[in-house]
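One structure is given here, and the rest of the page talks about it.
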Amino acid sequence: MTSVQETINAEIARQNDEFRRSYGQTPRVPGQIVMTQGVAAFDALVLMNIQSAIILFNAFSNDNDPYGLHDFGEITVKVSGVDTKVWFKIDLYDVNYDAGSEKSDDTALPRRVMTILLPSEY
């Protein structure tokens, strides 16, 4: 039998996937995408490759997604011919983006912020 929390987590994961796959462009799952200075310094081609890899990412497992929220991933892109790891993390915020959402179980309320960063910037 599925617990209430498992049902909530599954809905959050579904919304996170919709947000990530649309790269923040779906009105059904509002949010914004930000990147750190290290990521923003990459050239346009690398940034497009990062965007594509995030949209296509589907390698969630118990190791990288223990709660089943689909809120974190690691991708690898070529930067000047070198494999470079890039992380993305989706966090839930209140409607004003002032603080973390106090009601993460209210799947209609949170706004998402996907941060794209280099592991060294964590």
Side-chain angles (χ1 to χ4, degrees):
M1 177 152 289
T2 303
S3 74
V4 172
Q5 191 60 53
E6 288 172 328
T7 301
I8 291 167
N9 286 1
E11 178 59 17
I12 290 171
R14 186 199 66 73
Q15 290 180 4
N16 283 345
D17 285 343
E18 183 175 348
F19 180 75
R20 179 181 45 76
R21 288 181 186 138
S22 74
Y23 207 67
Q25 298 303 305
T26 177
R28 290 186 305 266
V29 185
Q32 47 187 276
I33 297 173
V34 298
M35 61 185 74
T36 60
Q37 289 181 343
V39 173
F42 292 143
D43 66 38
L45 181 58
V46 172
L47 292 174
M48 287 189 316
N49 289 336
I50 289 170
Q51 179 180 357
S52 295
I54 289 172
I55 289 169
L56 296 173
F57 184 85
N58 200 26
F60 296 106
S61 68
N62 286 334
D63 291 333
N64 66 10
D65 189 31
Y67 301 105
L69 298 174
H70 293 192
D71 60 351
F72 173 83
E74 179 180 276
I75 59 171
T76 301
V77 295
K78 293 276 187 196
V79 178
S80 300
V82 177
D83 283 346
T84 303
K85 293 184 187 301
V86 176
W87 291 349
F88 66 87
K89 173 72 173 107
I90 300 173
D91 293 297
L92 303 180
Y93 282 81
D94 65 13
V95 295
N96 297 316
Y97 298 99
D98 291 330
S101 176
E102 292 181 16
K103 294 190 164 204
S104 61
D105 61 335
D106 181 357
T107 55
L109 178 65
R111 302 295 185 256
R112 280 158 176 77
V113 174
M114 180 165 56
T115 303
I116 305 168
L117 65 151
L118 300 172
S120 62
E121 295 176 302
Y122 180 71

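- At distances below 3.5 Å, not a single donor-acceptor pair connects side-chain atoms of Gln25 with backbone N or O atoms of Ser22.
- Residues that satisfy the side-chain hydrogen bond (donor to acceptor under 3.5 Å, both in side chains) test with Asn49, not counting sequence neighbours, are absent from this structure.
- Contact check on Lys89 versus Asp71 returns a salt bridge, with a Lys/Arg side-chain nitrogen under 4.0 Å from an Asp/Glu carboxylate oxygen.
- Residue Tyr67 places its OH atom among 12 or fewer non-hydrogen atoms of other residues, nucleotides or ligands, all under 6.0 Å distant.
- Without hydrogens or angle criteria, Asn9 side chain to Gly68 main chain gives no donor-acceptor distance under 3.5 Å.
- When every heavy atom of Asp94 is checked against every heavy atom of Arg111, the shortest pair comes out as O-CG, 3.6 Å.
- Residues Arg20 and Asp17 are paired through a salt bridge, judged by an N-O separation under 4.0 Å between the basic side chain and the carboxylate.
- Heavy atoms from other residues, nucleotides or ligands lying under 6.0 Å from OH of Tyr93 number 12 at most.
- Under the 4.5 Å side-chain criterion, counting only non-hydrogen atoms from C-beta, Gln15 is not in contact with Thr26.
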- Item | Val86 vs Leu118, side-chain contact (heavy atoms from CB on, under 4.5 Å): CA-CA, chis, key distance, verdict | CA-CA 5 Å; Val86 176; Leu118 300 172; 4.1 Å; yes
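- For CG of Asn62, the number of neighbouring non-hydrogen atoms (other residues, nucleotides, ligands) closer than 6.0 Å is 12 at most.
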What pairs of donor and acceptor atoms, side-chain ones from residues 34-45 against any protein atom, are under 3.5 angstrom apart with sequence neighbours left out?
residue : atom : partner : partner atom : Å
Thr36   : OG1  : Glu121  : OE1          : 2.3
Thr36   : OG1  : Glu121  : OE2          : 3.2
Asp43   : OD1  : Leu45   : N            : 3.1
Asp43   : OD1  : Val46   : N            : 2.9

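- Aromatic ring pairs are classed by plane angle as parallel below 30°, tilted from 30° to 60° and perpendicular above 60°; the pair Phe57 and Phe88 is perpendicular.
- Between Phe60 and Asn16, every side-chain heavy-atom pair lies at or beyond the 4.5 Å cut-off.
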